[in-house]
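Proteins get letters first, then strands, A, B, ... in listed order; numbering begins at 1 in each.
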Number of protein chains: 2
Amino acid sequence: MAFNIGLLLYIPYRALEDRVYEAVAAAGFTDITMAQSRVFQRISQAGSRVTELADRAKVTKQTASALVQALEDGAYVERVPDPTDARASLVRVAPRGAAATAIAAAEIARIEAEWRRELGPARYDRLIRDLEVLRRLTDE
Amino acid sequence: MAFNIGLLLYIPYRALEDRVYEAVAAAGFTDITMAQSRVFQRISQAGSRVTELADRAKVTKQTASALVQALEDGAYVERVPDPTDARASLVRVAPRGAAATAIAAAEIARIEAEWRRELGPARYDRLIRDLEVLRRLTDE
DNA sequence: TGATTCTAGTCAGTCTCCCTGACCATAATC
DNA sequence: GATTATGGTCAGGGAGACTGACTAGAATCA
């Protein structure tokens with residue numbers, strides 16, 4: 001079986017996501033889904049609008065809206081009115097969301113350490129830089 | 001916004017998949033979905049069993065079975081009885097599937113050429129090798 | 001200013017994906 | 001020969017994501 005670059009990107013991605021998801025669930029955050037976390041990851045420090053999250057996660061705003069609603073129901077995020085636009089609201093990470101983020105970050109750090117050990121630090125850092133180039137190219 | 005390695009893998013992957021999907025659809029193969037193509041990609045030359053495809057694509061065999069059924073309905077694959085096991089059948093790529101594969105492969109080649117140009121050939125090849133290491137590590 | 005157009009977001013409906021649980025038929029094991 | 005394991009399907013359900021239609025407020029422009 002020949003692996004194209006797509007699969008080479010996808011397989012480690014999927015493995016990482018699965019492990020993070022399990023770690024977060026094991027810590028008691030069992031009411032969060034991957035789709036929700038993909039949106040969640042894109043919330044900026046100052047708070048993000050639903051439309052903004054939809055664009056970044058490349059889903060429709062209806063989908064983003066439903067995912068944010070579920071995150072809000074689970075107390076992972078909170079919505080506050082946007083002071084600059086009465087139509088909009090800002091989605092912000094709530095304390096419970098921050099707690100889950102900490103668990104996820106710890107697991108990601110663990111995985112990165114494993115991968116870094118496997119490839120060697122220099123090669124790993126280079127890989128990150130190269131992927132960053134592709135990210136900029138494709139994440140317009 | 002800080003990008004963890006997960007997002008750095010996911011964003012280019014997603015961009016590539018979207019482009020390939022669009023190219024395939026533009027060539028007239030509009031009745032195929034991404035989930036179907038993820039299973040399709042894992043069919044080996046000699047034919048693969050449904051259970052095997054499920055394992056490789058990391059979905060349940062029920063899911064794989066339904067996706068193979070849809071691919072069969074669209075004439076992308078065909079199922080033949082497995083001569084070595086009366087319970088099993090072998091899923092094989094059918095002519096229409098091969099035609100769609102050719103379109104997809106051409107688009108992937110185009111994207112790879114762009115990425116190779118962007119990174120430079122040596123750096124690109126190195127990236128592929130590094131990703132292959134991660135793939136082996138995570139695709140047990 | 002007032003009318004038009006644009007934008008943020010929701011509601012409703014539908015389809016696909018993917019899961020769990022139950023089950024059947026054949027194969028492997030003891 | 002009985003039990004257990006494996007390949008696969010059927011049924012049912014929840015989540016994700018889409019399109020289309022709509023409301024409220026913002027921006028534009030005549």
Side-chain angles (χ1 to χ4, degrees), chain A residues 10 14 17-18 21-22 24-25 29-44 46-74 76-92, chain B residues 10 14 17-18 21-22 24-25 29-44 46-74 76-92:
Chain A
Y10 181 68
R14 174 74 190 262
E17 194 178 48
D18 282 349
Y21 185 76
E22 264 172 50
V24 168
F29 301 100
T30 52
D31 58 340
I32 192 168
T33 66
M34 295 224 201
Q36 286 166 32
S37 82
R38 274 179 216 132
V39 164
F40 181 90
Q41 282 183 73
R42 286 160 171 92
I43 300 171
S44 73
S48 302
R49 293 186 180 179
V50 167
T51 303
E52 204 180 325
L53 296 176
D55 286 346
R56 290 199 207 152
K58 296 202 202 301
V59 296
T60 59
K61 48 187 188 164
Q62 291 93 320
T63 297
S65 178
L67 294 172
V68 166
Q69 185 58 55
L71 286 166
E72 193 178 21
D73 291 348
Y76 291 101
V77 305
E78 58 194 6
R79 258 188 280 217
V80 296
D82 185 332
T84 71
D85 188 334
R87 292 168 304 177
S89 53
L90 291 175
V91 180
R92 289 200 304 216
Chain B
Y10 181 68
R14 173 74 190 264
E17 194 178 51
D18 282 349
Y21 185 76
E22 265 172 49
V24 168
F29 302 100
T30 53
D31 58 340
I32 192 169
T33 66
M34 294 223 201
Q36 285 165 33
S37 81
R38 275 180 216 132
V39 164
F40 181 90
Q41 282 183 72
R42 286 160 170 91
I43 300 170
S44 74
S48 302
R49 293 184 180 180
V50 167
T51 303
E52 204 181 325
L53 296 176
D55 286 346
R56 289 199 207 152
K58 296 201 202 302
V59 295
T60 59
K61 47 187 190 166
Q62 293 92 320
T63 298
S65 176
L67 294 172
V68 165
Q69 186 56 56
L71 287 166
E72 193 178 20
D73 292 347
Y76 291 101
V77 305
E78 57 194 6
R79 258 188 280 216
V80 297
D82 185 331
T84 71
D85 188 335
R87 292 167 304 176
S89 54
L90 290 175
V91 180
R92 288 200 304 215

If I compare all heavy atoms of [X] with all of [Y], which pair ends up nearest, and what's the gap?
X        : Y        : answer
Glu17(B) : Arg38(B) : OE2-NE, 3.0 Å
Leu53(A) : Ser48(A) : CD2-CB, 3.7 Å
Phe40(B) : Tyr76(B) : CE1-O, 3.7 Å
Val68(B) : Val77(B) : O-CG2, 4.0 Å
Ala46(A) : Arg92(A) : O-CD, 4.1 Å
Ala57(B) : Arg14(A) : O-NH1, 4.1 Å

Taking atom [atom2] of [N] as reference, at what distance in whole Å does atom [atom1] of [X] sit?
X        : N       : atom1 : atom2 : result
Leu53(A) : dA17(D) : CG    : C1'   : 16 Å
Asp18(B) : dA17(D) : CG    : C1'   : 13 Å
Asp55(A) : dC18(D) : CG    : P     : 12 Å
Arg56(B) : dG7(D)  : CZ    : P     : 13 Å

Within residues 81-90 of chain A, those residues having any heavy atom closer than 4.0 Å to DNA chain D are Asp85(A), Ala86(A), Arg87(A)
In 5'-to-3' order, the base (B), backbone-only (S) or no-contact (-) status of each nucleotide in nucleotides 13-23 of chain C, using a 4.0 angstrom heavy-atom cut-off, is ---SSBBBB--
Can any side-chain N or O of Tyr21(A) pair as donor or acceptor with the backbone N or O of Ile32(A) at less than 3.5 Å? yes
OP1 or OP2 of dT10(C) versus the side-chain N and O atoms of Ser65(A): is any pair under 4.0 Å? yes
Taking everything shown except Arg79(A) itself, do over 12 heavy atoms lie less than 6.0 Å from its CZ? yes
